Amino acid sequence: QVQLVESGGGLVQPGGSLRLSCVASGTITSINRMGWYRQAPGKQRDLVATFVSGGRTNYADSVKDRFTISRDYVKRIVYLEMKSLKPEDTAVYYCNAAQWGMEYWGQGTQVIVSS
């Protein structure tokens with residue numbers, strides 16, 4: 001039983017920055033993947049950035065060198081620092097976690113990049 005709650009989305013101008021947060025709660029024993037996905041209107045949900053087994057990170061090519069994923073183990077929070085935002089970054093961003101073969105998703109937080 002894992003619950004994920006995202007926050008931090010909003011409206012930002014191109015070139016701006018946002019920090020998204022995902023707070024995890026519930027029974028967390030062995031998360032083997034945790035990170036962020038996004039889904040733009042009319043498009044599929046795609047990976048943005050994740051932590052995988054061993055603490056390694058994986059980024060989508062479109063966000064490399066602009067986004068940074070980090071986490072606070074004590075507070076059970078995963079962050080996504082987004083810089084140099086582009087209109088194509090506009091999407092609903094979802095926190096995701098995988099544990100013992102089970103997938104968990106937050107409700108999403110909207111990010112709109114527009115002038």
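The analysis underlying the following values was restricted to heavy atoms, covering all of them including side chains, and did not include hydrogens, waters or symmetry mates. This one's a predicted model, so the numbers in the text were calculated from it and none came from an experiment.
Contact between Glu6 and Cys95 at its shortest, heavy atoms only, is OE2-N, 2.7 Å. Between Leu80 and Ala49 the shortest heavy-atom distance is CD1-CB, 4.2 Å. Shown here for Ala91 and Gln110, the closest heavy-atom pair between the two residues is O-NE2, 3.2 Å. Shortest non-hydrogen contact noted between Leu85 and Arg66 is CA-NH1, 3.9 Å. Among all heavy-atom pairs drawn from Ser115 and Pro14, the shortest one is N-CD, 3.6 Å. Of all heavy-atom pairs between Arg71 and Gly55, the closest is NH2-CA, 3.5 Å.
Residues forming a salt bridge (charged side-chain N to carboxylate O under 4.0 Å, His left out) with Arg33 (at least two apart in sequence, or on another chain): Glu103. In terms of the salt bridge (charged side-chain N to carboxylate O under 4.0 Å, His left out) criterion, Lys43 has no residue partners (sequence neighbours excluded). For Glu88, there are no salt bridge (charged side-chain N to carboxylate O under 4.0 Å, His left out) partners two or more places apart in sequence or in a different chain. Residues passing the side-chain hydrogen bond (donor to acceptor under 3.5 Å, both in side chains) test with Asn58: none are found, sequence neighbours excluded. Applying the side chain to side chain contact (heavy atoms under 4.5 Å, CB included) criterion to Val2, with sequence neighbours excluded, gives Leu4, Ile28, Gln99, Tyr104. Take Asp61 and apply the side-chain hydrogen bond (donor to acceptor under 3.5 Å, both in side chains) test, not counting sequence neighbours, and it matches Lys64.
To the nearest 0.5 Å, atoms CD (Gln39) and CD (Gln44) are separated by 8.5 Å. Note: Leu18 CG to Glu81 CD = 9.5 Å, rounded to the nearest 0.5 Å. Distance check: Thr50 OG1 to Tyr37 OH gives 6.0 Å after rounding to the nearest 0.5 Å. Taking CD1 of Ile69 as the start and CZ of Phe51 as the end, the distance is 5.0 Å to the nearest 0.5 Å. For the atom pair Ser7 OG and Gln107 CD, the distance stands at 12.5 Å (nearest 0.5 Å).
Grouping the Ile, Leu, Val, Met, Phe, Trp and Tyr side chains by contacts below 4.5 angstrom, directly or via other members, places Tyr79 with Val23. Under the 4.5 Å side-chain contact rule for hydrophobic residues, Leu20 and Ile31 share a cluster. In the hydrophobic clustering of this structure, Val92 does not group with Val48; members are Ile, Leu, Val, Met, Phe, Trp, Tyr whose side-chain heavy atoms approach within less than 4.5 Å, directly or through other members. Under the 4.5 Å side-chain contact rule for hydrophobic residues, Phe67 and Val113 share a cluster. The hydrophobic cluster containing Met102 does not contain Val52, counting ILVMFWY residues as joined when their side-chain heavy atoms lie under 4.5 angstrom apart, directly or transitively.
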Query raised in the report: Between Tyr94 and Asn96, is a side-chain contact (heavy atoms from CB on, under 4.5 Å) present by the stated rule, with each step listed?
Result: CA-CA 6 Å; Tyr94 296 91; Asn96 166 258; 6.0 Å; no

**Report entry** Criterion side-chain contact (heavy atoms from CB on, under 4.5 Å) on Val12 and Ser17, from CA distance to verdict
**Finding:** CA-CA 7 Å; Val12 64; Ser17 301; over 6 Å; no

Query raised in the report: Is there a side-chain contact (heavy atoms from CB on, under 4.5 Å) between Trp105 and Arg45 once you walk through the steps?
Result: CA-CA 12 Å; Trp105 296 91; Arg45 189 173 298 185; 3.3 Å; yes

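Arg38 pairs with exactly one of Thr90, Asp89, Thr109 by the side chain to side chain donor-acceptor pair (under 3.5 Å) rule, that one being Asp89.
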